[in-house]
Number of protein chains: 2
Amino acid sequence: MKLATYKDGSRDGQLVVVSKDLSTAHYANGVATRLQQVLDDWNFMSPQLDDIYVNLNHGKARHAFNFDPKLCMAPLPRAYQWADGSAFINHVELVRKALGAEVPASFYTDPLMYQGGSDDFLGPCDNARFASEAWGIDFEAELAVITGDIAMGTAAQQALEGVRLLMLANDWSLRNLIPGELAKGFGFFQSKPATAFSPVAVTPDELGTAWAGGRLHLKLQSMWNGQRVGLCDAGEEMTFHFGQLIAHIAKTRHVRAGSIVGSGTVSNKDWSRGYSCIAEKRAIETIESGEARTEFMKFGDTIRIEMKGADGMSIFGAIDQDVVPLHPAEQAS
Amino acid sequence: MKLATYKDGSRDGQLVVVSKDLSTAHYANGVATRLQQVLDDWNFMSPQLDDIYVNLNHGKARHAFNFDPKLCMAPLPRAYQWADGSAFINHVELVRKALGAEVPASFYTDPLMYQGGSDDFLGPCDNARFASEAWGIDFEAELAVITGDIAMGTAAQQALEGVRLLMLANDWSLRNLIPGELAKGFGFFQSKPATAFSPVAVTPDELGTAWAGGRLHLKLQSMWNGQRVGLCDAGEEMTFHFGQLIAHIAKTRHVRAGSIVGSGTVSNKDWSRGYSCIAEKRAIETIESGEARTEFMKFGDTIRIEMKGADGMSIFGAIDQDVVPLHPAEQAS
């Protein structure tokens, strides 16, 4: 099943069911108007949405319309939790190596995670607005899951059963704000502005055998200003699977339905596969030549993030955003 | 106006209007069932709730009932944002001094804040459950505000106008998990379990002249196992006022209605006023004698946090919690 949220002027938008090929959609308002309602009562509502989905895929849904990702909000336009991991340890290794720092041994057994803001997500085609290019604007192409309720103390394997939906994320990062912020000791804050998500969120059964062991074994593509800069495998090198990330959150508290959990930048040891964030490209340049040459994003830049199945079809639709100044007057300066 | 959320078995509970003296309450369901709905549409709904409040205070509300804080969830049982500051720099100074560390100069101009989990708050009288006493269980008595919408880039004075409601918070902390977690560089996560909030949230006009310049000039009382351990002024020594804390969040993103912003542990330079968290008591002991003697909380301990107005009446009702083991069997071990 594939679900999306259409813009309707409200804070939470309108839930729609989207066909497998992303060509058509149907309002879910006979069942629920908002995705959070479905997550709150998954076992009751999701079979009803699945009925719509089956009809839609067979061309039998009565009020189907053409699906347009530009009209989408994030599947959850706001959420009660956004916890993002850094589960591809290769990314951590590269960034640390460029800084001349070691990776502590514990990083291979204890996931790095941060708590992100979740009150104001961006839709897949929304402009990403920043007040200053000097902040070091960077994309981060990631996978994310939306969970059901998971009780405090749940172990990784059982936590994995709480995965309800998967989607793509663009975890916008302001690289030049990070060093000062991390030096304060309390973690990311201003350096992590609003995150964007893919047009649709999909249930795990849509992914077939590619979804295995809490990892999604498919390639995540990043196109920066129309050039493919990354085609990274999102599965095999994910050091901590999603069940482990969820269990990390649940160690000292309950995790409630609608929590979004991210993988962190998808990163591979084989540099020829490219990169899922510019910081990593710069780290590689620093390791190779002692100097980062690739600059961060400028106003007017574009980023497109997408994942295709074995059949070559887009699974989640594309995140496709423009970087624009917060105040248009600043573009001239 | 005073608002609370009654337990009804649902995730978001039932919104009730509470009388000024906290003696009676009235369901708000002619207006809204959930507090988030009111925050989403404040200018339309809050005057209607205020009508109920006026009738309730005059003993004219038709279906009033006795108000019982034990039946309360947190005013917002789950929220789209919980961002907690450490705005009383005296607390930071003490903790750092005990560790033999300096306070960086920037800490006096740039607030320390962390992003907290907001998917599962505790009600004011809910048990606080932890899997282990060895984690270093500590309360943190704080003030918090709930905001309306505040646009990216809003300055502190204007951000302050976005404060809709105030309440008390108990920002439970697991002190022995903090050093390892902060050493990882991504900030608090497992060391900050579910936060509890006071029975009622109140509009700023309820506070009269005590609410001035974004600070609440009243004393916050902490009773640990029935002993008063803190009676700290929550106003004058708050280094950053709430408008500054909100503006800090809004520097790189929009802040959306229903965001909760905390002051951090209320802390005074005059040690005779006591403490609002055990970590601070232990810091003082370390500074005075080289050794922390006061132990963290044990299963069976209680904590009561309350604030009274100039008239001696409780403003927010009391947070009144028991510390209990996650699994009752562990209590014996």
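Proteins get letters first, then strands, A, B, ... in listed order; numbering begins at 1 in each.
- For A/Q158, the CD atom counts as loosely surrounded, since its 6.0 Å shell holds 12 or fewer non-hydrogen atoms of other residues, nucleotides or ligands.
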Could you tabulate the donor-acceptor pairs under 3.5 Å formed by side-chain atoms of residues 133-140 of chain A, not counting sequence neighbours?
from   : atom 1 : to     : atom 2 : distance (Å)
A/E133 : OE2    : A/F299 : N      : 2.7
A/D138 : OD1    : A/I278 : N      : 2.8
A/D138 : OD2    : A/R175 : NE     : 2.7
A/D138 : OD2    : A/R175 : NH2    : 3.1
A/D138 : OD2    : A/I278 : N      : 3.2
A/D138 : OD2    : A/A279 : N      : 2.8
A/E140 : OE1    : A/T265 : OG1    : 3.1
A/E140 : OE2    : A/R175 : NH1    : 3.2
A/E140 : OE2    : A/R175 : NH2    : 2.8

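- Within residues 184-192 of chain B, the residues that have a heavy atom under 4.5 Å from a heavy atom of chain A are B/K184, B/G185, B/F186, B/G187, B/F188, B/F189, B/Q190, B/K192, listed by number.
- Proximity to chain B is limited to the side chain of A/L177, based on heavy atoms less than 4.5 angstrom apart.
- Among residues 81-91 of chain A, the residues having any heavy atom closer than 4.5 Å to a heavy atom of chain B are, in sequence order, A/Q81, A/A83, A/S86.
- At distances below 3.5 Å, at least one donor-acceptor pair connects side-chain atoms of B/S118 with backbone N or O atoms of A/Y80.
- When each of B/G153, B/A194, B/A79 is scored by its heavy-atom pairs under 4.5 Å with chain A, the top score falls to B/A79.
- Heavy-atom contacts from other residues, nucleotides or ligands closer than 6.0 Å to OH of B/Y108 number more than 12.
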Open item on the list: With side-chain contact (heavy atoms from CB on, under 4.5 Å) as the criterion, how do B/R78 and A/Q36 come out once you've worked through the C-alpha distance, each side chain's angles and the decisive distance to 0.1 Å?
Closed with: CA-CA 12 Å; B/R78 51 182 177 172; A/Q36 183 65 47; 3.4 Å; yes
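- The CG atom of A/D119 sits 8.0 Å away from atom OG1 of B/T147, with the distance rounded to the nearest 0.5 Å.
- B/L174 touches chain A through its side chain: at least one heavy atom from C-beta onward sits under 4.5 Å away, while N, CA, C and O do not.
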Open item on the list: As a quick check of understanding, evaluate side-chain contact (heavy atoms from CB on, under 4.5 Å) for B/M152 and A/L326, giving each step before the final call.
Closed with: CA-CA 8 Å; B/M152 194 184 332; A/L326 178 58; 4.0 Å; yes
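- Annotation: the span from B/R129 atom CZ to A/T252 atom OG1 amounts to 15.0 Å, rounded to 0.5 Å.
- For chain A, the nearby part of B/R11 is the side chain; its heavy atoms alone come within less than 4.5 Å.
- Distance check: B/D12 CG to A/D40 CG gives 7.0 Å after rounding to the nearest 0.5 Å.
- Looking at B/P77, neither its backbone nor its side chain comes within 4.5 Å of chain A, counting heavy atoms on both sides.
- For residues 254-262 of chain A, heavy-atom neighbours of chain B at less than 4.5 Å comprise A/H254, A/V255, A/R256, A/A257, A/S259, sorted by residue number.
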